[in-house]
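Each chain gets a letter, A, B and so on, in the order its sequence line appears, and its residues count up from 1.
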Number of protein chains: 2
Amino acid sequence: MDHIDRALLAQLQQDATQSYAALGQAVGLSAGAAHERVRKLRERGAIRRTTVDVDPAAVGSAVLAYVMVESTSWMGDSAQEFAALPEIVEAHVIAGSASVLVKVRTRTTEQLQDVLRRIYAIKGVSGTQATVVLETFFERPLSPLTETGT
Amino acid sequence: MDHIDRALLAQLQQDATQSYAALGQAVGLSAGAAHERVRKLRERGAIRRTTVDVDPAAVGSAVLAYVMVESTSWMGDSAQEFAALPEIVEAHVIAGSASVLVKVRTRTTEQLQDVLRRIYAIKGVSGTQATVVLETFFERPLSPLTETGT
DNA sequence: ACTGAAAGACATTGACC
DNA sequence: GGTCAATGTCTTTCAGT
């Protein structure tokens, strides 16, 4: 994982459809060498998958909210229960007064309310505190170029 | 945007490297027809871009935190100021007591502290409340199949 | 809008440095 | 780990339905 690998990751985040020739040129490598490096990045799991960024509005998901989930018991084994709700796009165990933080996308606020109801139904959940997003400034991939990791 | 388009989006989210032949077969279309539909989805902006999902740990970003940013003034025009900090991967204007919610990835907690310092330096910011993530259950794309939109 | 086929570009592999 | 050149596959386009 040197600076060339990081540059490749940044390039692919920006546009994963570009050819290996273009990719190589961007980082000063031949197409074959770029291909081999990207293959290894996939192999190691540094690249988890190639995907498309879908506009939530285009699939009818206009409402975004973050929900702090409070609990009376250990929530560390409840991943499946949250994953079972398709409107939940992220779930994290957090430090602090709440136990779990989830990110929810729905079409309407009524649907959000329904998701909250279903979260309440999860074993151990004692309360929720929803924060509705009014406007998203930006959502972007993590920049590999600013990092100092191995 | 019919059920075939949504199936195509779901397929591409899962794996954007598959051929149009495979894509077409998955939704019951020829390669050419699948290609044309995906082209239009890109044209309309339903597909914003094709990208790679990078493992944060692989680029040395082990710390994830959400920060509630309180302010004394209107923050609606401060998008650039938050975007200037590369460790901030999301920024949203929210309803509630805080004004802005940001998602931050850093290598260490020391680096997180430095980001908080730089957030404080933004005009209008009167306080921050950081919530550190202990474990991420999952982060996944929005499922186009569960939506009822146009 | 979709099908099927043709042409050209690209991914992928291997021989060599 | 890299370059360069080959082979095979896929993208992309277009005439026809």
For this session: Give a yes or no on whether the backbone of A/Leu142 and the side-chain of A/Gln13 come within a donor-acceptor separation of less than 3.5 Å.
Result: yes

Rounded to whole Å, CG of B/Leu29 lies from P of D/dT12 at a distance of 17 Å

Per side chain to side chain contact (heavy atoms under 4.5 Å, CB included), A/Leu23 is matched among A/Asp15, A/Leu29, A/Val38 by A/Val38

Rounded to whole Å, the OH-C1' distance (A/Tyr20 to D/dA6) equals 19 Å

When rounded to the nearest 0.5 Å, the distance separating CG of A/Leu41 from CG of B/Asp55 is 11.0 Å

Here the distance between atom P of C/dC2 and atom CD of B/Gln25, to the nearest Å, is 17 Å

Among the nucleotides C/dT12, C/dC2, D/dT12, whichever has the atom closest to the side chain of A/His35 is C/dT12

Open item on the list: Need one value for A/Arg39: base, sugar-phosphate or nothing, where a base atom within 4.0 Å counts as base even if backbone is also close, heavy atoms only.
Closed with: nothing

Atom CG of B/Asp5 and atom C1' of C/dC2 are separated, to the nearest Å, by 14 Å

Under the rule of Watson-Crick or G-U wobble with both distances under 3.5 Å, where | means paired to another strand and [ ] a crossing pair, DNA chain D maps to |||||.|||||||||||

Exercise. Does a side-chain N-to-carboxylate-O contact under 4.0 Å join A/Lys123 and A/Asp77?
Worked result: no

Out of D/dG1, C/dA1, C/dT3, minimum distance to the side chain of B/Arg37 belongs to C/dA1

Rounded to whole Å, CD of B/Glu36 lies from P of C/dT3 at a distance of 12 Å

Side-chain contact check for A/Ser19: nearest option of C/dC10, D/dT11, C/dA1 is C/dC10

Would you say A/Arg118's side chain and A/Ala84's backbone share a donor-acceptor pair under 3.5 angstrom?
no

Among the nucleotides C/dT3, D/dT3, C/dA1, whichever has the atom closest to the side chain of B/Ala33 is C/dT3

*asked:* What verdict does the salt bridge (Lys or Arg N to Asp or Glu O under 4.0 Å) test give for B/Arg39 and B/Glu36, after you've listed the backbone C-alpha separation in whole Å, the side-chain angles of each residue and the deciding distance to 0.1 Å?
replied: CA-CA 5 Å; B/Arg39 192 192 63 73; B/Glu36 177 64 7; 3.0 Å; yes

Whole-Å distance, A/Gln18 CD to C/dA11 P, equals 10 Å

Report task. Determine whether B/Val67 and A/Tyr66 fall in the same hydrophobic cluster, where Ile, Leu, Val, Met, Phe, Trp and Tyr are linked whenever their side-chain heavy atoms lie under 4.5 Å apart. Result -> no

